[in-house]
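Encoded as structure tokens, the structure appears first; notes follow it.
Quick caveat: nothing in here was measured; it's all calculated off a predicted structure. Letters A, B, ... mirror the listed sequences (proteins, then strands); counts begin at 1. Reckoned from all heavy atoms, side chains included, excluding hydrogens, waters and symmetry mates.
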Number of protein chains: 2
Amino acid sequence: MSALDTALHGLRALIADGALRPGDRLPSEGELCETLGVSRGSLREAIRMLAALGVLETRHGSGSYVSELRAADLIGSLSLTVGLLPMAGVLELTELRRVLEPHAAALAAARIDADTIETLSGVLDEIEGSDDFEDHSRLDHAFHMTISEVAGNDALTSLIDVLRSRSRAYRIPDAGDAAELKLHSDAGHRAILRGLAAADPVAASAAASAHVAQTEYWVRRYTEADTHVGTEGPAVETD
Amino acid sequence: MSALDTALHGLRALIADGALRPGDRLPSEGELCETLGVSRGSLREAIRMLAALGVLETRHGSGSYVSELRAADLIGSLSLTVGLLPMAGVLELTELRRVLEPHAAALAAARIDADTIETLSGVLDEIEGSDDFEDHSRLDHAFHMTISEVAGNDALTSLIDVLRSRSRAYRIPDAGDAAELKLHSDAGHRAILRGLAAADPVAASAAASAHVAQTEYWVRRYTEADTHVGTEGPAVETD
DNA sequence: TGAAACATAGTTGTCATACGAATTTGAGGA
DNA sequence: TCCTCAAATTCGTATGACAACTATGTTTCA
């Protein structure tokens, strides 16, 4: 077994066995090097891997700490990489959204309160009144995240967030298309909100499903032309 | 910006911009150090982080390569860490399973062929005829993975696999309970297979939903007593 | 007495160098 | 043409050194 594997599995075992619990500070790097029998370089590589996966957090000058090990945080570690997926992968993820977002909407319909409905309605007012893509993207994100937060499962919220982050950043070159998309998008949002306001899980779920399906349609429509891997360039909501 | 961040974002940018495509070999570490202006140690830490997330693969003596960037692989990178979740997190994930597995079953019901049904039936025969927990776990896994593979979305399959890997490894101390669980589990499997064989998405979906609900019941039942974080020790299917 | 400033020790961040281990490449010969 | 083997290339690992940052305890001053 390589030194890196030794360090990686050694650290993981310390957490799995309960020797290190969420929030605990790890022994210093020098100490761990002796304990695990690897050099500091190999140890640090292992620490970085677990940090990338959301298991550890390192603070300069202080030490490394075990994270809170929340499911939402581990899922959130994907956000660094989903932006690198090619189009084919994005469509796979969109299918997941097609299951998860209706579920979140249904749960939210059963739990949402009047204040939140008011807030969401205000967000939609802003979206419909704005022509700025930056605003649109931000508010759209807020709308959907609020819904999944109300649903009450943080892991679900985090997963939806990660999946949505990828569909978000595609540009719609044609101005007419962009306008049409926004029209449908606004209508979709209102339909979801109606379902929530009526405390009707089935209606909210159906509206959310239709909304994702619409996203999928637009992503697919612009797939053939632009199969670029990157996420750079002017971003336009397809959502 | 720290040297590590420089290296990490530099590498990520090379991929996002398309300068490095799936399957490509990265420049040598020495070359990248000059390009990015960081030491070899910092560069290697960045490479490890991306490797942990499933974006890069390193081969000793050969070089580092960009992975195929399949959504399923990126999601699979979670498998190293979901085993560290405390019980509360497992229940969150089980709720996700409750949405995803019925969806997979419904899709599979619409696409499955006679040969696969035969195979699955054979797997269930084996499960029902075996008292060995090791066999049971392996065959149960094969049964469920086959279904989600038939569903045709690799990302979905990978996600279900990751989520299931956590519910799998809990021991049922009481022999009577274990027997009762297996009885229900076997019945649940048969119900799912009936739905698939009838090409009935609704029936398959409902059966899968009930199956996950049963898992959730057992996990919850043994939650209060055992909140241990680890995954070691004799593992018994709760599934 | 209280608080601010400072000194100190401990920890992570970064770099440079060296050498071992695995792979790849190409020259040489049968 | 194919095989063998040595050399070059590349990653894997270890060590040492110092900078940057943090935490803690002490001193100093109001």
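Under 4.0 angstrom from either OP1 or OP2 of C/dT23 there lies no side-chain N or O belonging to B/R25. At the phosphate of D/dG12, neither OP1 nor OP2 sits under 4.0 Å from any side-chain N or O atom of A/S42. Contact check, B/S2 against C/dT14: a side-chain N or O comes under 4.0 Å of OP1 or OP2. For the OP1/OP2 pair of D/dT13 and a distance below 4.0 Å, the side-chain nitrogens and oxygens of A/S39 include no atom meeting the criterion.
Below 30°, between 30° and 60°, or above 60°: for B/H144 and B/H211 the angle between ring planes is below 30°, a parallel geometry.
Rounded to whole Å, the distance from CZ on B/R48 to C1' on D/dC11 is 8 Å. Distance CD (A/E29) to C1' (D/dA14): 15 Å, rounded to an integer number of Å. In this entry the distance linking CG of B/L43 with P of C/dA16 reads 13 Å, nearest Å. When the P atom of C/dG13 is taken as reference, atom CD of A/E45 falls 14 Å away, rounded to whole Å. Across the protein-nucleic acid pair, A/E34 atom CD and D/dA14 atom P stand 13 Å apart, rounded to whole Å. Between the P atom of D/dA14 and the CG atom of A/L4 lies a distance of 10 Å, rounded to the nearest Å. A straight line from CG of A/L32 to P of C/dT11 spans 11 Å, rounded to a whole angstrom. Counting to the nearest Å, the C1' atom of C/dT23 and the CD atom of B/E57 are 17 Å from each other.
No side-chain donor from either of B/H136 and B/D131 sits under 3.5 Å from a side-chain acceptor of the other. With no hydrogens or angles considered, a side-chain donor-acceptor pair links A/T116 and A/D113 at under 3.5 Å.
For A/S62, whose side chain is taken as the heavy atoms from C-beta onward, the closest listed nucleotide among D/dT22, D/dT10, D/dA14 is D/dT22.
Note on A/G63: only backbone sugar-phosphate atoms sit closer than 4.0 angstrom, heavy atoms only; bases stay farther off. Within the nucleic acid shown, B/R59 comes within 4.0 Å of sugar-phosphate atoms alone, with no base atom in reach, counting heavy atoms only.
Judged by distance alone, with hydrogens and angles left aside, the side-chain atoms of A/S62 form no donor-acceptor pair with the main-chain N or O of A/R59 at under 3.5 Å.
For B/H60 against D/dC11, a side-chain N or O and a base N or O form a donor-acceptor pair under 3.5 Å. Remark: the B/R40 side chain and the C/dT14 base include no donor-acceptor N/O pair separated by less than 3.5 Å.
Between A/R40 atom CZ and A/E29 atom CD the span is 4.5 Å, to the nearest 0.5 Å.
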